[in-house]
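Source: prediction; values computed, not measured. Each chain gets a letter, A, B and so on, in the order its sequence line appears, and its residues count up from 1.
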Amino acid sequence: MSERRYWLMKSEPSCFSFDDLKARPDSTEHWDGVRNFQARGYLKDEMKVGDRAFFYHSNIADPAIVGIVEVVKAGYPDWTAFDPENEHFDPRGSKEKPLWFMVDVRYVAPLPRPVTLRELKGVPEVGDMVLLKRGRLSVQPVREEEWRAILRLAGMQEEP
DNA sequence: GCCAACGTTGGC
DNA sequence: GCCAACGTTGGC
């Protein structure tokens, strides 16, 4: 069995929040609508079943990591790109030659308390995080040391 | 709501 | 294949 990798996935809570994920059937949802080529690469090829990700709330007064999710289905075509009615429609791809991909994630657990971006900026151990270096990437890798440092900050003794 | 940063597009 | 213009993200 290959080693679990760690990620961070952003969502605007007004659009789709961590609690919204919890409320879904099986607490599972497609992570659709990502239209950035670097993030696409992660979704399509690198995120594997069993990998875990921080769920990050962006575009709010105090943006923060609020919880943990798990990848339950690896990369497959994002059908919202095929639907002209959908806001994420992209005519460059097709069902035969999909351009955009998504994974399915399942709610695992909230952090004991949210860890804010503001707070992370003051923590040397996470100073190299993609979140701090390249703020706009909506799906991004997290190093294992960073993952653990954030769990510790949040007061989580043991990963569920 | 503003605007800086930065990813993407398209003319050349 | 460069790079200016444009559009979007996301912190503030």
message = Nearest whole Å is fine: how far is B/dT9 C1' from A/F37 CZ?
response = 11 Å

task = Using a strict cut-off of less than 4.0 Å between a Lys/Arg side-chain nitrogen and an Asp/Glu carboxylate oxygen, indicate whether A/E125 and A/R152 qualify as a salt bridge.
result = yes

key: Phosphate OP1/OP2 of C/dT9: any A/K10 side-chain N/O under 4.0 Å   = no

key: Pair A/R4 + A/E159, salt bridge at N-O below 4.0 Å   = yes

request  = Flag the pair A/D45 and A/R40 as a salt bridge only when some basic side-chain nitrogen lies within less than 4.0 angstrom of an acidic carboxylate oxygen.
outcome  = no

Whole-Å distance separating the CZ atom of A/R35 from the C1' atom of C/dG7 = 16 Å

task = Report the distance from atom CG of A/D62 to atom C1' of C/dG10, rounded to the nearest whole Å.
result = 14 Å

ask   = Okay, side chain of A/H57, backbone of A/F18: is any donor-acceptor separation there less than 3.5 Å?
value = yes

remark   = Under a 4.0 Å heavy-atom cutoff, the residues of residues 117-139 of chain A touching DNA chain C are A/L117, A/K121, A/G135, A/R136

ask   = Do A/K133 and A/D128 meet the salt-bridge criterion of a basic N to acidic O distance under 4.0 Å?
value = yes

message = Tell me whether the rings of A/W31 and A/F55 are parallel (<30°), tilted (30 to 60°) or perpendicular (>60°).
response = perpendicular

message = Based on the rotation axes of five pairs at each end, what angle does the helix from B/dG1-C/dC12 to B/dC12-C/dG1 bend through, to 10°?
response = 10°

task = Scan residues 53-61 of chain A against DNA chain C and write down, sorted by residue number, each residue with any heavy atom closer than 4.0 Å; if none is found, say none.
result = A/Y56, A/S58, A/N59

key: Cationic tip of A/K73 above A/Y76 ring, under 6.0 Å, 45° of axis   = yes

message = Check whether A/T28 reaches the backbone of A/D26 with its side chain - one donor and one acceptor, N or O, closer than 3.5 Å.
response = yes

inquiry  = Checking A/D20 against A/S17: is there a side-chain donor and acceptor pair closer than 3.5 Å?
reply    = yes

key: Whole-Å distance separating the CD1 atom of A/I65 from the P atom of C/dG10   = 14 Å

note = Whole-Å distance, A/H88 NE2 to B/dT8 C1', equals 17 Å

message = Assess the residue pair A/L151 and A/L111 against the criterion (side chain to side chain contact (heavy atoms under 4.5 Å, CB included)); give the C-alpha distance rounded to whole Å, side-chain angles, the decisive distance to 0.1 Å, and a yes or no.
response = CA-CA 7 Å; A/L151 292 186; A/L111 295 187; 3.9 Å; yes

